[in-house]
Amino acid sequence: MIQFLKRIIKYITSTTVLVVLALLLTGCGTNRFEPHGWSGITLDNNKIFIGSGDGQLIILGAEGGNLIQTHPQNKENLHPIYSAPLLSNNGKTIFYGTYSKNDGGTIYSLQSGTLSPNWTKTFPGSIVGQPVLGNNLLIVSSSDGKLYAMEPETGTPKWVFQSDGKLWSSAALSEENSVFIGSLNKKFYAINLENGAKLWEFETDGAIVGTPLVNDSTVYFGTLNKTIHALDTKTGSEKWSRIGDHWYWAPLSLDNNVLYAGSMGGTVSALNLNTGLPLWEANVNGAILAPMLTLESLIVIATDEGQVTVLRKDSGLQTWDFPAGDSIRAKMANQGSRIYLITTEGEIKSLDAERGTSLWSRQRED
Amino acid sequence: MEIFGIIWNEGLIRPMTNGLIILYLSLFNNFGLAIITFTVIIRILTIPLTLKQLRSSKAMAAVQPKVLALQKKHGNDRQKISQETFKLYRESGVNPLGCLGPMVVQMPIWIGLYWSLIRALPSNPESLAGLAEVLYSNINFVHSAIPIQSGFLWLDLAKPDSTPILPLCVGISMWIQQKMMTYPSSDPKQRQTNQIMLWMMPVMFVFFTFQFPSGLALYWVVTNIIGIVIQYFVTGWGNLLGRNAPNTPETPENDTSSTQVTNSKETSSETEPEDESKPRNRRNDRPVRRRGNRGRPNTTRRKQK
């Protein structure tokens, strides 16, 4: 009997060990596919606001990266943050959303001085995109496919728009009180900001992850099917489209009537705003997921390979590059000629935009 | 380690993930059908290996009475038993590790499928970004498939089945296949091992099915069903409908002296005794040599009771 039990234990142990080892060994490095968040940087009043992988809001000094505040102190039951925290126009309130596969997403509203909570609201779907403010409404996109509009002071819901797929991008607002957002289910929507009614929808052939860009009467966005679309904001009719080399994850940037697009194939394109025809193209080392940063005469590109490359806006010629070490996927920020960025490993760096040298770096306290 | 990673990704994960997505696009954007078709293709490609495994198992079962006889003959002399058993295997043209080869080949396939499913059905921004690295950038249409719809029947193929239906299908199909594959043994130890294996594997895979994405479990169910069909055509229902254990030779001497084995389509217990004097020029009657038997089942000649 004992021998029989021994044999059973031996078989269970050996089979389990074999299966688990095989899965673990072959899955080396798959930890990077777990949700850790990649919160971007928001700058205000010489302070850096970032979210941490374990769901804390962290405030650092922009001069040297000194830790000023964190919220909450207790790290239990927190979830990763993907988007950059949002500051209200008067700078008194901070909003940020969290990502949880099982528990849904939560939006936090805090007082920026004391970090004491105003309100929190939990949704069935996780929050990936940054909340946006417009027309005295806080617009939150969620993985449950819904776009929520609520009063920023209280979190009271005003309207909800149901889309066809997960919403991972932020919404973009136009001056005509329209909200634009793309879904992972390849549809792009225009919604009335007043009441959440759908104005029009445009079916693309690729998932939309990047935040749309609105300029005058045109809304621009890229898809994961390598295409950039330019649509009329009023009718949704396509003005032009352009096929690139790879996925467009990073939002498009606009400066001086030139549209800048970075692909996951590492191609940076400067496009004519009206035609989509390229003015110049340049290649950088690695996939571009982080929104590009436009400075006076330069454009800053950070890649998944951890490379920061600065190109001249007029020609695409490289000015300098800087190895950040780890992947960069989150929104960068700048204050004058200082660039601030954060790696997926939580290292925050400040670089001199003129010389490409490091001013300081510190590890985010996760 | 880096080379291993490159081989793993370029040789298995990327082709498998892109192949699954191409099947998904070809099969009405249905990832469940893509997995089923993928499994059928894999099983068709590995049929020679499967047949080799089945025949090898069959041949092993056929020589078991002789092994048992050797054990009885040599008592506690383990070294002698090992030597004689090895000799018996060699002379019978049986490779004790013959059934492991196909398993070794199939292991990377289902582990690769597991990771391909995780890659192809991203559930968070990190895994979606990771998918971009896996897709072939020069095959444009695979990019239009993203994100893949993971619904199939009542299942979300990216998540474990929330009902016990799929785990039960995995367990039952695996049990049937195991039962068909298990050759009756006159060795009590072997019988005990067979019993453990018969129940242990299905129970463990039922447990795994509760943990792993249901897409992988769907692969297991389909591969088991195909395995059952192949097994049926090779050996019939086998042990599923009851099969007698092979007879133990009356005397060890008889067995060890008659180490010639014959190929047979039938299992050892069903083999008719043959006359040594008969000419053995028929294909299946040729004495088995280690080279050239092409993995056909071997059965030992035994004295009939």
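Sequence lines set the chain letters: A, B, ... in the order given, protein chains first and strands last, and positions in each chain run from 1.
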Practice problem: Looking only at non-hydrogen atoms, find the nearest pair between B:Ser137 and A:His246 and report the distance. | Solution: CB-CD2, 3.9 Å
Quiz prompt | Among B:Ala132, B:Pro125, B:Ala145, B:Pro122, residue most engaged with chain A (heavy-atom pairs, under 4.5 Å) | solution = B:Pro125
Practice problem: Find the distance between CG (B:Leu128) and CH2 (A:Trp249) and round it off to the nearest 0.5 Å. | Solution: 4.0 Å
Quiz item: What part of A:Leu224 gets closer than 4.5 Å to chain B, counting heavy atoms only: side chain, backbone, both or neither?
Solution: both
Mind listing the side-chain donor-acceptor pairs of residues 201-209 of chain A below 3.5 Å, one per line with the distance, residues two or more places apart or on another chain?
{"from": "A:Glu201", "atom 1": "OE1", "to": "A:Lys198", "atom 2": "NZ", "distance (Å)": "2.8"}
{"from": "A:Thr204", "atom 1": "OG1", "to": "A:Lys186", "atom 2": "O", "distance (Å)": "3.1"}
{"from": "A:Thr204", "atom 1": "OG1", "to": "A:Gly206", "atom 2": "N", "distance (Å)": "3.2"}
{"from": "A:Thr204", "atom 1": "OG1", "to": "A:Gly206", "atom 2": "O", "distance (Å)": "2.8"}
{"from": "A:Asp205", "atom 1": "OD2", "to": "A:Asn225", "atom 2": "ND2", "distance (Å)": "3.3"}

Quiz item: Got A:Asp304 and B:Glu133 here, is their nearest side-chain heavy-atom distance under 4.5 Å?
Solution: yes
Quiz prompt | A:Ile243 atom CD1, over 12 foreign heavy atoms within 6.0 Å | solution = no
Self-check item: Exercise: identify the closest heavy-atom pair between A:Leu289 and B:Ala129
Solution: CD2-CB, 3.7 Å
Exercise. Check the pair A:Asn185 / B:Gln149 against side chain to side chain contact (heavy atoms under 4.5 Å, CB included), numbers first and verdict last.
Key: CA-CA 9 Å; A:Asn185 212 24; B:Gln149 305 302 318; 3.4 Å; yes
Quiz item: Is the CG atom of A:Asn77 crowded by more than 12 outside heavy atoms at less than 6.0 Å?
Solution: no
Practice problem: Please report the shortest heavy-atom distance between B:Ser123 and A:Trp168, naming the atom on each side. | Solution: O-CZ2, 4.2 Å
Quiz prompt | Non-hydrogen side-chain atoms of A:His36 and B:Asn124 separated by less than 4.5 Å | solution = no
Self-check item: Which atoms of B:Ile13 approach chain A - backbone, side chain, both or neither, heavy atom under 4.5 Å
Solution: neither
Exercise. State whether the number of non-hydrogen atoms from other residues, nucleotides or ligands found under 6.0 Å of B:Lys159 atom NZ is greater than 12.
Key: no
Quiz item: Is there any salt bridge (Lys or Arg N to Asp or Glu O under 4.0 Å) pair reaching into residues 208-225 of chain B, and which pairs are they, with sequence neighbours excluded?
Solution: none
Quiz item: Take atom CZ in B:Phe207; do more than 12 heavy atoms of anything else shown fall under 6.0 Å from it?
Solution: no
